[in-house]
Trainee: 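This is the structure, below, for whatever I ask next.
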Amino acid sequence: VILALLAVLPAIAIGWLSVRLLAPELRLIATLSLGAGLGLGLTSGLYFLLLWVGVLSRASILATEAIFIVGFVVLVGRTPWSAAGPLARPSTLIWSLRAAALATLTIAALNFSESIAANPAGDWDAFSVWNVRARYLAGGSATWRNAISTTTSSGMVGAAHPGYPLLVSASVARIWSITGQSGPDERDAAPEVVAFVFALATAGLLYGLITAISTELFGLLAVIIISASESFVAQSAFQYADIPLAFFLLACVGLLALAERDDWKPNLLRLAGLVAGFAAWTKNEGLAFVLVAVLVALWRARRAALPFFVGAVFGVALTVVMKAISTGREQVFPKSFGEALHKVADPSRWKDILISFGSGFGDLGSWWAHPLLLLAAIAIAFGFISRKEIDARAWIALPIAGLLAADIGLYLVTEAELSWHLSTSNTRLVVQVWPALLFFAFLFLPPPVSAPVSAPSRQQQSSRRKSKS
Amino acid sequence: VPKPWSIWIVATVAVLAVFSALGAYQNAVQLAQAPDPYGATAAARRFALALPKLPPDVPLGYISDLEIGPKAGTAAFLTAQYAVAPHALIPIGQAPAPEWAVGNFAQPGDYAAAGARLGYAVVADVGSGVVIFRRKQ
């Protein structure tokens, strides 16, 4: 575990430095959390490129990452320090909530540890899809194409996914390539380290984004709710790609919200685009998400949205290249338009899908402390922002709504038996969007202070100062 | 500053969340009473003795007494695939027969005969139902 953690450090350093460079206004927890996921995304992409051009080795990975770290250190050193101002002096309530957040996070970590100890190879899709592909990638030039080959998993529906994006598998393989532990050893800790980093980073990012855009009180409540969301914690230990995808969805919508607040600051949009691209590099659903996110950015920011497209290029290009060289096709897609249309017109499929989504949200926690119930209680305690503000912020949910629509569309036309497809994946789809939905929900609550709902950005503050002088 | 009744609601939410997290932890502890539900860890242990006897990275044929399709056979194949990766694992008959193959047997039996039916000879029986085969010339 220690070796695997050490191997993750360069990735986190690259991500942290990237965030420091592009969003120096973010506080430490947000920067570290965003940096952790971003770094794993960037280094998984570099790993894939090294494999693709045939120069992958421990030395080439470390040398490439060292070049990036040195380059970012130089760039960050030249960037003026513009850290966020100190948080308001914490009240007793904030200290109590910090303790509660720490408690729920600790219990969630114990839950993760217990599940991993009982099932170190992860759940079904971990050993049959994500981690087995990681082993093929870590095998180097002789075997990596097995990861994108139709022969893997004997071409079985539900197990053979030659076109699935590679962020998670490449992140795990990268650790194995660095530590040299890619054999079938039950002590291999790479998949669990990647899973844990993404889960923790998602909670940290949720706190950081909500604190940045609203108040620490809501940031802490969001962490408490997400770490008490049973299916979110359980899925973390499964070692699937759904929690990493949840991380990138949350990061994208949160950064888009921050970018709008800061007059579409190009670097925030660039960062939002980068993480949207990595959503595509994580799972196929991410491609649908990035498409909707691009349209939403274009609608809201108009010409200022260009940095978002530029940011998204890396992750999307990796995905397109990987899909172009993979062999075989996804077996859940219908063979003809007529067949798809026939399925879409079947009302029983709509009913089954909607019931399944309802059940997926129900599975988020126990009825007596269901996360949606806790959220409703908080809404009762603080009320909602004005109707005008709600209208002004509702667009932030559009990329998530678009993704859910794409999920429903896929279920409608799937070639697989619908009840099997729903039962094996629907809870995971809910978990993918849950952190972003929590972020979205807290945007609608008025911070319990006399200050405006959105604190003015530094740009706005400086322009006000200039106009006064 | 939040109103006093708001603080009570927030406190209740925090306490309920802590107890909910504890409940989820208890569920995880209960599930952990039946570890390795698909046999992936056991497969890694069983195949560990076979791997050093195989040439590195070659694709391997798969011979088993469990049919791929029913859940037990599928789980046996997928856990074996994970255990022997980065070797590709290909059921015999799906593609040109690889030179090397591994047997993954749930029941004791005549492994040599099982291999011979598919044109393979036993190279080594490493125990626990794991057998190394090589295609007959």
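Residue numbers begin at 1 in each chain, while the letters A, B, ... track the order of the sequences.
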Trainee: Between B:Y38 and A:N119, does any side-chain donor sit less than 3.5 Å from a side-chain acceptor?
Mentor: no
Trainee: Name the member of A:I378, A:L220, A:D123 that forms the most heavy-atom pairs with chain B at distances under 4.5 Å.
Mentor: A:D123
Trainee: Tell me, with the steps shown, if B:T74 and A:W124 meet side chain to side chain contact (heavy atoms under 4.5 Å, CB included).
Mentor: CA-CA 11 Å; B:T74 301; A:W124 185 273; 3.8 Å; yes
Trainee: Side chain, backbone, both or neither: which part of A:L221 has a heavy atom under 4.5 Å from chain B?
Mentor: side chain
Trainee: State the OG-CG distance between A:S366 and B:L16, to the nearest 0.5 angstrom.
Mentor: 10.0 Å
Trainee: Kindly check if the number of other-residue, nucleotide or ligand heavy atoms within 6.0 Å of CH2 (A:W368) is above 12?
Mentor: yes
Trainee: Quick one: which of A:L375, A:N131, A:L93 has the most heavy-atom pairs under 4.5 Å with chain B, could you say?
Mentor: A:N131
Trainee: Where do A:A228 and B:S20 come nearest, in terms of heavy atoms and distance?
Mentor: O-OG, 3.3 Å
Trainee: Between A:N146 and chain B, with a heavy-atom cut-off of 4.5 Å, which part of the residue counts as in contact: side chain, backbone, both or neither?
Mentor: side chain
Trainee: Relative to chain A, which of B:A43, B:S6, B:A14 shows the most heavy atom pairs under 4.5 Å?
Mentor: B:S6
Trainee: Are the side chains of A:W144 and B:P86 in contact, using a 4.5 Å heavy-atom criterion?
Mentor: no
Trainee: Starting at OH of A:Y136, measure out to CD of B:Q81 and round the result to the nearest 0.5 Å.
Mentor: 4.0 Å
Trainee: Taking side chain as everything from C-beta outward and backbone as N, CA, C, O, which of these in A:S227 sits under 4.5 Å from a heavy atom of chain B? Side chain, backbone, both or neither.
Mentor: backbone
Trainee: Identify the heavy atoms of A:F127 and B:A40 that sit nearest to each other, and give their distance.
Mentor: CD2-CB, 3.9 Å
Trainee: Can you establish whether the number of heavy atoms outside B:W5 located under 6.0 Å from its atom CH2 is more than 12?
Mentor: yes
Trainee: Tell me, for A:A377 versus chain B, whether the close heavy atoms (under 4.5 Å) come from the side chain, the backbone, both or neither.
Mentor: both
Trainee: How far apart are the closest heavy atoms of B:V18 and A:A103, and which atoms are they?
Mentor: CG2-CB, 4.4 Å
Trainee: Within residues 98-121 of chain B, which positions have a heavy-atom distance to chain A below 4.5 Å?
Mentor: none
Trainee: Can you tell which of B:P37, B:G23, B:P59 has the highest number of heavy-atom pairs within less than 4.5 Å of chain A?
Mentor: B:P37
Trainee: Using a heavy-atom cutoff of under 4.5 Å, enumerate the residues of residues 25-34 of chain B that contact chain A, numbered in order, or state 'none'.
Mentor: B:Y25, B:N27, B:A28, B:V29, B:A32
Trainee: Heavy-atom cut-off 4.5 Å, strictly under: side chain, backbone, both or neither for B:T12 against chain A?
Mentor: neither
Trainee: Which bit of B:F19 comes within less than 4.5 Å of chain A, counting heavy atoms only: side chain, backbone, both or neither?
Mentor: both
Trainee: Pick one of side chain, backbone, both or neither for A:I380, based on which atoms fall under 4.5 Å of a heavy atom in chain B.
Mentor: both
Trainee: Quick one: what part of A:L97 sits under 4.5 Å from any heavy atom of chain B, side chain, backbone, both or neither?
Mentor: side chain
Trainee: So, for B:Y82 and A:A121, which heavy atoms are closest and what is the spacing to 0.1 Å?
Mentor: CE2-CB, 4.1 Å
Trainee: Does the side chain of B:I9 come within less than 4.5 Å of A:F382's, by heavy atoms?
Mentor: no
Trainee: Can you tell me how far OG1 of A:T143 sits from CG of B:D57, rounded to the nearest 0.5 angstrom?
Mentor: 5.5 Å
Trainee: Specify which of B:D36, B:V15, B:V58, B:I90 makes the most heavy-atom pairs with chain A at under 4.5 Å.
Mentor: B:D36
Trainee: Less than 4.5 Å to any heavy atom of chain B: does that hold for the side chain of A:I224, its backbone, both, or neither?
Mentor: both
